[in-house]
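Worksheet: one structure, shown below.
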Amino acid sequence: MDTVITRFPPSPTGYLHIGGARTALFNWLWARKTGGKFVLRIEDTDEVRSTKESVDAIFESLKWLEIDWDEGPFFQTQRYPIYREYIQKLVDSGHAYYCSCTPEEVDAMREEAKANGKRPMYNGKCRELNLESGKNMVVRLRVPDNGATVVEDVVKGPTSFQNSEIDDFIIQRSDGSPTYNLAVVVDDLTMGINTILRGDDHLVNTPKQILLYKALGAEPPIFGHVPMVLGHDKSRLSKRHGATSVEEYRDLGILPDAMLNYLVRLGWSHGDQEFFTREELIEKFDIEHIGRSASMFDMDKLMALNAKHIQAKSNEEIAEALSPYLAARGIEIKNPEAAQLAVESLKPRSKTLVEMAEASLFYFQETLDFDEKAVKKFLKPQALEPLTESADLIEALADFTEPALEEIFKQVMEKHELKFGKIAQPLRVALTGKTVSPGIFEMILALGREKTVSRIREAVKLIPPAAE
RNA sequence: GGUCCCAUCGUCUAGCGGUUAGGACGCCGGCCUCUCACGCCGGAAGCUCGGGUUCGAUUCCCGGUGGGAUCACCA
């Protein structure tokens, strides 16, 4: 087979939607897997709704997901001469014709058809009139009255549409601009696109596009219509279901690799495997195992997958990924090694980078935010001596390692006849201000000797005097 | 409503005529344990219904039901 050439053609009328990201992903993966090409095309022919901001948001989101393209971005608004040329070809070859019917007249035709119990359609009034180009004229494709057009869909299977059900649809508006179906076909044709994976909401206008290919004497590409992503109530995913834009997930602290993994796995499978790295996805992705039914977006599962991706990455990678989230909280990583130890301690306890950033604050803060209840409960008189002694011993410790630290606490525990739990909680509050944190030893190591000792000494000052 | 698509635990899915119907998320119980997590072990939970075809259907065919998509001079 020839080199696979796929594409992603968003219309810039908003941010990059999760569903769009998924179809982009399928096309990108297929191109990457087969060693083909992936083309980015901006469908901005709706000049009223298209914005520069949306274009930028789409680039930004694709960049974040690390979905790169080999050709483009092409902008349809810069290709009008090409569309006009093809429309002319269709008119010249008798596959299309000028129509002078006004929208009102067409509406009336549809009403009439409906009244007669027929499908509301344009009645073909101008078909044989051989009208010349003129003001307020549109161009329509002459659709065969009989026969059927079959979409050989690689995910849904062959799907047949009766030509009699298809209107002589408009390919050029009265203002001379091309309509969607025409522009898409001309673009895909001229850009050499041979594989189209898109949402199955496009399935119904695929026969129109195939008719256009045929009228142009061209071979249609391979079509595959992937099921849509639904919200938790089975309706189309929208704002009321929560986050729908790619950037929102970035802001939530989702890793791009986890997003990819989740999105692809939603509607595609490779046996029982749930976790995929980006490389595995490229290696294992195939069209054959794309599902045929719509699926609901499940935030919990995304989160769980994100947690696994966080754990699977190195401390260095996560520390780097975390830094913008820390920066947003006014924290700059000054000591990379310490930050990586901090990250390591937080990795198994963070579902998102936002959670991790929040939980890591105590590592970086100069002055701790003490949780009052925690202070009251654990920084009690009986904790004074064990804490003070611990600080002294840590300060004097020859080698600052986990075994040595364990030895110190063993001493303190034995002396005061305490279980580790009794000393760990006060210590935890002293070091973090909270009752929940990573393990004591890993924190001490990540914090370093100096901070550990000073924090314990500061906390001791919060202990009220003994009652009697 | 017409046309088209779809149908396995609550959710994502494996299954491609014979399985104790498998995995994951979530949920419940236990273990581990310095808190919280992670991890580990175990549990509850599913083939939409009705007809065929077949020795045998979750699987193949038809129909019902249900859900979705689409019916523009939007993309």
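Computed from a predicted structure; not experimentally measured. First the proteins, then the strands, lettered A, B, ... as listed; each starts at 1.
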Which atom of A:Glu280 lies closest to which atom of A:Phe275, heavy atoms considered: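 What the structure gives for the nearest pair is OE1-O, 3.9 Å.
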
Notebook entry, point to check: Is the ring centre of A:His232 less than 6.0 Å from the ring centre of A:His241?
Noted result: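 Close enough - the centres of the two rings lie under 6.0 Å apart.
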
Query raised in the report: Between A:Phe169 and A:Tyr122, does the ring centre distance come in under 6.0 Å?
Result: no

In 5'-to-3' order, the base (B), backbone-only (S) or no-contact (-) status of each nucleotide in nucleotides 28-33 of chain B, using a 4.0 angstrom heavy-atom cut-off, is ------

Under 4.0 Å, counting only non-hydrogen atoms across every strand here, what does [X] touch: a base, just sugar-phosphate, or nothing?
X: A:Gln162; value: nothing
X: A:Ile170; value: base
X: A:Thr13; value: nothing
X: A:Pro438; value: base
X: A:Val204; value: sugar-phosphate
X: A:Ile440; value: base
X: A:Asp175; value: nothing
X: A:Ser177; value: nothing
X: A:Lys308; value: sugar-phosphate
X: A:Ser293; value: sugar-phosphate
X: A:Cys99; value: nothing

Of the listed nucleotides [options], the one nearest the side chain of [X]:
X: A:Glu274; options: B:A75, B:G23, B:C38; answer: B:G23
X: A:Asp272; options: B:A14, B:C73, B:G39; answer: B:A14
X: A:Lys301; options: B:A69, B:G23, B:G2; answer: B:G23
X: A:Ser269; options: B:C5, B:U13, B:U35; answer: B:U13
X: A:Pro103; options: B:C73, B:U11, B:A75; answer: B:C73

N/O donor-acceptor pair, side chain [X] with base [N], under 3.5 angstrom:
X: A:Ser295; N: B:C12; result: no
X: A:Lys156; N: B:C5; result: no
X: A:Arg349; N: B:C38; result: no
X: A:Arg428; N: B:C34; result: yes

Compare side-chain N and O positions of [X] against OP1 and OP2 of [N] and report whether any pair is under 4.0 Å apart.
X: A:Thr179; N: B:C73; result: no
X: A:Arg236; N: B:U70; result: yes
X: A:Arg292; N: B:A7; result: yes
X: A:Arg198; N: B:A69; result: no
X: A:Thr435; N: B:U35; result: no

Donor-acceptor pair, A:Arg449 side chain versus A:Leu397 backbone, under 3.5 Å?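 Such a contact is found between A:Arg449 side chain and A:Leu397 backbone.
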
Anything under 30° is parallel, anything over 60° is perpendicular, the rest tilted; go ahead and classify A:Phe285 against A:Trp268.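 Ring orientation of A:Phe285 relative to A:Trp268: tilted.
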
Within this structure, what is the [atom1]-to-[atom2] distance between [X] and [N], rounded to whole angstrom?
X: A:Leu203; N: B:U70; atom1: CG; atom2: C1'; result: 9 Å
X: A:Tyr180; N: B:U70; atom1: OH; atom2: C1'; result: 13 Å
X: A:Phe223; N: B:C5; atom1: CZ; atom2: C1'; result: 16 Å
X: A:Phe161; N: B:U70; atom1: CZ; atom2: P; result: 13 Å
X: A:Asp371; N: B:U35; atom1: CG; atom2: P; result: 17 Å
X: A:Asp153; N: B:C4; atom1: CG; atom2: C1'; result: 11 Å

By nearest-heavy-atom nucleotide on RNA chain B, the more 5' of A:Phe441 and A:Gly157 is A:Gly157

Which sits closer to the 5' end of RNA chain B, A:Ser174 or A:Ala304, going by the nucleotide each is nearest to?
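Checking each residue's closest nucleotide, the 5'-ward one belongs to A:Ala304.
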
If we call it a pair only when both distances are under 3.5 Å in a Watson-Crick or G-U wobble match, what pairs with [N]?
N: B:G1; answer: B:C71
N: B:A14; answer: none
N: B:A7; answer: B:U65

Could you check whether [X] pairs with [Y] (Lys NZ or Arg NE/NH1/NH2 to Asp/Glu carboxylate O, under 4.0 Å)?
X: A:Asp371; Y: A:Lys377; value: no
X: A:Glu442; Y: A:Arg349; value: yes
X: A:Arg278; Y: A:Asp257; value: yes

*For the side-chain contact (heavy atoms from CB on, under 4.5 Å) test, which of A:Val55, A:Asp44, A:Ile42 pairs with A:Pro10?*
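Option passing the side-chain contact (heavy atoms from CB on, under 4.5 Å) with A:Pro10: A:Ile42.
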
Beyond-backbone contact of A:Leu462 with A:Phe370, side-chain heavy atoms, under 4.5 angstrom: yes

